[in-house]
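What follows is a short report on a single structure.
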Amino acid sequence: MIRVLLADDDPLVRTGLKLMLRGADGIEVVGEAADGSQVAPAVREHAPDVVLMDIRMPVMDGLSATRALHRAGSAAPQDHLRAGSAAPQVIVLTTFDEHALVLEAMRAGAAGYLVKHAAPEDIVEAVRRAARGEPALSPSAARALVEHAAAGPGDRSERARQQLAQLTEREREVAAAVAEGLSNTEIGARLHLSVGTVKTHLSSALTKLDLDNRVQLALLTHDARPQP
């Protein structure tokens, strides 16, 4: 059962999402938050696998709440979580379909970015993908990442290469495959590794680089590539 926390200041939106997700097999809405400042306490109480996070909220916005979860997890991984649970994956769910916000959300630690007018089945599938540790992006958000990669990283390039230099050769190969959008199964087939070994290398790379998810790793890998 995938445990989901809803964070949105609009009670009608939360109600709609709750009704929609309750109709999906294998998904349970375990809690709600009406503001970003309530997210961390709700995560401690309910230990969700996935947080559906609005961006625009009155006291603390969704990007700040996502960063706070990341900082808390990096500083003291078990302080903000129920014993034995893992840090939740965050999907930003917003009415704002802006490329700059997509990149900001990904760098804040979000695993996904969807607009609220997305089809219900797309939101359900995004929750399932995020729970599996896979990126969950709307088509426009995916285009934003592609355009970011194609635009040229500028001064970010050297910093990104220095960061990736911390990784072993195999971890860099896994990171490069992640940047191509390959799944763990596809990476294993390409590199002749078991899926479990791929997950081990991926987890090690994320830990060394202080990253939350494979989307951030893909961004960093794109930044490190030399531009024509």
inquiry  = Working note: K18 + E28, criterion salt bridge (Lys or Arg N to Asp or Glu O under 4.0 Å); need CA distance, chi angles, decisive distance, verdict.
reply    = CA-CA 9 Å; K18 185 161 49 178; E28 176 186 12; over 6 Å; no

Derivation and outcome, side-chain contact (heavy atoms from CB on, under 4.5 Å), residues I55 and Y113 = CA-CA 10 Å; I55 286 186; Y113 190 105; 4.1 Å; yes

query = salt bridge (Lys or Arg N to Asp or Glu O under 4.0 Å) between E171 and K208: does it pass, once the steps are laid out?
reply = CA-CA 10 Å; E171 288 166 352; K208 288 179 180 179; 3.0 Å; yes

task = For T207 and S204, run side-chain hydrogen bond (donor to acceptor under 3.5 Å, both in side chains): C-alpha distance rounded to whole Å, both residues' side-chain angles, the deciding distance at 0.1 Å, then the answer.
result = CA-CA 5 Å; T207 299; S204 177; over 6 Å; no

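T66 contributes a side-chain N or O that, together with a main-chain N or O of G62, makes up a donor-acceptor pair within less than 3.5 Å. A donor-acceptor pair under 3.5 Å links the side-chain atoms of R172 to the main chain of L167, judged by distance alone. A donor-acceptor pair under 3.5 Å links the side-chain atoms of R3 to the main chain of H46, judged by distance alone.
When the side chains of ILVMFWY residues are joined at heavy-atom separations under 4.5 Å, either directly or via intervening members, L69 and L217 end up in two distinct hydrophobic clusters. Using a 4.5 Å cut-off between side-chain heavy atoms of Ile, Leu, Val, Met, Phe, Trp and Tyr, with links allowed through other members, V30 and V127 fall into different hydrophobic clusters. Residues M60 and L5 are members of separate hydrophobic clusters, defined by side-chain heavy-atom contacts under 4.5 angstrom among Ile, Leu, Val, Met, Phe, Trp and Tyr. Both I2 and L6 belong to a single network of hydrophobic side chains, linked directly or stepwise wherever heavy atoms of I, L, V, M, F, W or Y lie under 4.5 Å apart. Under a hydrophobic clustering in which Ile, Leu, Val, Met, Phe, Trp and Tyr are joined whenever their side-chain heavy atoms come within less than 4.5 Å, directly or via other members, I187 and L220 fall into the same cluster.
Distance check: D49 CG to R132 CZ gives 13.0 Å after rounding to the nearest 0.5 Å. Atom CG in L211 sits 7.0 Å away from atom CD in Q163 (nearest 0.5 Å).
Among D54, D35, V59, the one residue that satisfies the side chain to side chain contact (heavy atoms under 4.5 Å, CB included) test with D9 is D54.
Among pairs with a residue in residues 119-131, those fulfilling side-chain hydrogen bond (donor to acceptor under 3.5 Å, both in side chains) read R129-E134, at least two apart in sequence or across chains.
The local environment of CD in E169 is sparse, with at most 12 non-hydrogen atoms from other residues, nucleotides or ligands closer than 6.0 Å. Within 6.0 Å of NZ in K116 there are more than 12 heavy atoms belonging to other residues, nucleotides or ligands.
At least one side-chain heavy atom of L193 sits under 4.5 Å from a side-chain heavy atom of R170.
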